[in-house]
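Please read the structure below before turning to the comments.
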Number of protein chains: 2
Amino acid sequence: MAATIKDIAKLAHVSIATVSRILSDRTESHTEETIARVRKAAKELAYQKNTAAIELVTKKSNVVAVIVSATPTNFSNQIIDGIQKKAAKHHLAVIILYAGENNTELQRKALQTVAERSVMGILLLAINLSPANLKFLTKSTIPFVFLALSFQDKTIPFIASDDFQIAYQATNFLISKGHRKIGLAAADFHISYTGYRRLAGYQKAMQEHQLQLVPDWVQDGNYSYQSGRRAIQAYMKNTQVTAVIANSDLAAMGVANQALDFGLSIPNDLSIISIDGTDFCTMFRPQLTSMTQSFYEMGSQGIDCLLNRKLSTAAQRFTAVSIQERESVKNI
Amino acid sequence: MAATIKDIAKLAHVSIATVSRILSDRTESHTEETIARVRKAAKELAYQKNTAAIELVTKKSNVVAVIVSATPTNFSNQIIDGIQKKAAKHHLAVIILYAGENNTELQRKALQTVAERSVMGILLLAINLSPANLKFLTKSTIPFVFLALSFQDKTIPFIASDDFQIAYQATNFLISKGHRKIGLAAADFHISYTGYRRLAGYQKAMQEHQLQLVPDWVQDGNYSYQSGRRAIQAYMKNTQVTAVIANSDLAAMGVANQALDFGLSIPNDLSIISIDGTDFCTMFRPQLTSMTQSFYEMGSQGIDCLLNRKLSTAAQRFTAVSIQERESVKNI
DNA sequence: CTGTTAGCGCGTTCAA
DNA sequence: TTGAACGCGCTAACAG
């Protein structure tokens, strides 16, 4: 079977303690000759260290767990990319677990899995934890940070965009283009803090410009493609809206396609600004103007945060958002 | 710190062996009363089992590792979904590791990570392993299966679509619609077995119909959006092609957009059939006709395969492909 | 029905 | 500079 340090010790005629030291690069006080002999033996036996044993004795782990939702978002890849790159720099291994979409059971299972493995930290990508699961997490002593999701609670660490600002700026942008009747589509305004804040940002901008707030212009959803379609289906009874803020790129595509299906032209009949700014914005026609979030940065900072955390500081950070003008918003 | 079975034993006034048995549901020979007492104590201490310790002694693991490439494909989610569902049924935990795109270094690192953890199996999603890494994997005694990628070598287990058939059927479909000048775009025909087989299927179909094989109609690439665009850029010098087979949905979108940018209409001026059939086919306009692969099924069967493998049987299975007619192919 | 004991593979004192 | 011995938390015989 797999070789152990004991085998190496035997082959190299040294003690296991010596092997242990040398293989973990604690070579300060060892003969060049011994070191070489041990290394050679290790290679010969194709030695693979047993992480379970190491973690058992050191009570440490160098893997960070990323929990992602199977949600219809597509920015996860960018975040994971950021996580991956930064983690590699610090010699951390990263494992990813799926937790379904608002599935308490699956969330619990994922949390359980990582807790049993005593990972060094947990990154939660756009995961809306149930209260019970959140409590489980906070009690677990494992450092964690939420990514791409913000909280009102000051004790929960997160790295995300300022959702109020996103919607506020998007609305102002549309207003600056001459729009007065602006829809807000496909977010869970009454469920998540994210949705709540975006609604607030939108309302603030509208009010600051003495613009009418029509309830029907705000269409609930879950950031999905279908949510986007449904928003336009609802607007149809009320074609006054000249521009809509879609709460995800996927939703924006749904909005656009349903509008197209209704015979509307974009952006001539309807302007769209999308929130996220992933690659799909340029792959769709017309190319989607977007409020672009710094997903890569979120992932990268997530690792930093885990590394620096002394188990007490609850860091809450906002990453930059910027507006990318493409083809889906028209000056009217 | 975290409670151990020793703590529970003390609290419940039993031995650690009893605790161990009860907590792992080996309750056959235990008093209802003891069981209750132990369970209560465990709950009280918020006991979390230490997986590292368990794996150390049992030399078993119930986690399967999935290695995915950061490649510009988008079907991974479907495969992972299939893996997840089937794994849950068997009480397996799944962890996912990224291995970059044809990055030997990252591949090695991912392989190393899972080898050190002695997972119970490895699923490789569309990963083109370097020869050295493949050798490392085969020597490791850990069961593995490639997903969405086939091999000529009969000893390498995989579950994938029959790439020859995919291209053969796609080509025949186009021919049945009246097309004679058919392009094949955006695969790595001279690098991967997948590309090689698809090229062969295409050529076979063309030849069977006495159709001309024009080298320029076959455009190399890497399944990416940009590959798709480049193919059309190349065709421009040679506008004879009336239909193209795009080797991925992303590539198909690239093909379509570049054609659009050149002023072509789809499918009037150019028909497109896409290989993959993910959600993007219906989110794109015109909706993409596709050769749809059974990705979910691949993931699901991948777990079965791992479970049934006696470390010797090299299973090679093909999953179904079907053609979904949508809007991007025109009868001429 | 339950307890005792011996490791699993490794890092870490403490001596030598 | 090196080695012997202990223990991390747990399971698996083997007693009783």
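When reading the values below, keep in mind they use all heavy atoms of this one structure, side chains included, and skip hydrogens, waters and symmetry mates. A note on names: the letters A, B, ... follow the listed sequences, proteins ahead of strands, and every chain is numbered from 1.
Look at S15(B) and you'll find a side-chain N or O under 4.0 angstrom from OP1 or OP2 of dG3(C).
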Table please: side-chain donor-acceptor pairs of residues 86-93 of chain B below 3.5 Å, with sequence neighbours left out.
| from | atom 1 | to | atom 2 | distance (Å) |
| --- | --- | --- | --- | --- |
| K86(B) | NZ | S300(B) | OG | 3.0 |
| K86(B) | NZ | D304(B) | OD1 | 3.0 |
| K86(B) | NZ | D304(B) | OD2 | 2.8 |

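When DNA chain D is scanned 5' to 3' for any atom under 4.0 Å from a heavy atom of chain B, the first and last hits are dG9(D) to dA13(D).
Looking at residues two or more places apart in sequence or on another chain, you find no ring-ring contact (aromatic ring centres under 6.0 Å, His included) involving F136(B). By the ring-ring contact (aromatic ring centres under 6.0 Å, His included) test, F295(A) pairs with F75(A), sequence neighbours left out. Not counting sequence neighbours, Q152(A) has no partner by the side chain to side chain donor-acceptor pair (under 3.5 Å) test. With sequence neighbours left out, T31(A) forms a side chain to side chain donor-acceptor pair (under 3.5 Å) with T34(A). For E44(B), the side chain to side chain donor-acceptor pair (under 3.5 Å) partners at least two apart in sequence or on another chain are K40(B). For the side chain to side chain donor-acceptor pair (under 3.5 Å) test, residues two or more places apart in sequence or in another chain that qualify with S192(A) are D188(A). Here Y296(B) pairs with nothing under the ring-ring contact (aromatic ring centres under 6.0 Å, His included) rule; sequence neighbours left out.
In terms of modelled atom types and a separation under 3.5 Å, the side chain of Q107(A) and the main chain of N128(A) share a donor-acceptor contact.
Residue-to-nucleotide proximity on DNA chain C shows that, of V57(A) and K6(A), the 5′-proximal contact is made by K6(A).
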Give the intermediate values and the outcome of side-chain hydrogen bond (donor to acceptor under 3.5 Å, both in side chains) for residues T319(A) and E297(A). CA-CA 7 Å; T319(A) 48; E297(A) 190 62 21; over 6 Å; no
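Ring centroid separation for the pair Y193(B) and F158(B) does not come in under the 6.0 Å cut-off.
For the residue pair I303(A) and V64(A), the shortest heavy atom distance occurs at CD1-CG2, 4.1 Å.
For residues 17-30 of chain B, proximity to DNA chain D is found at A17(B), S20(B), R21(B), defined as any non-hydrogen atom under 4.0 angstrom from a strand atom. For DNA chain D, none of the residues of residues 31-43 of chain B falls under the heavy-atom distance limit of 4.0 Å.
Using a 4.0 Å heavy-atom criterion, one finds that I54(B) contacts the sugar-phosphate atoms exclusively.
Each end of the helix from dC1(C)-dG16(D) to dA16(C)-dT1(D) gets its own axis from five base pairs, and the two axes differ in direction by 40°, given to 10 degrees.
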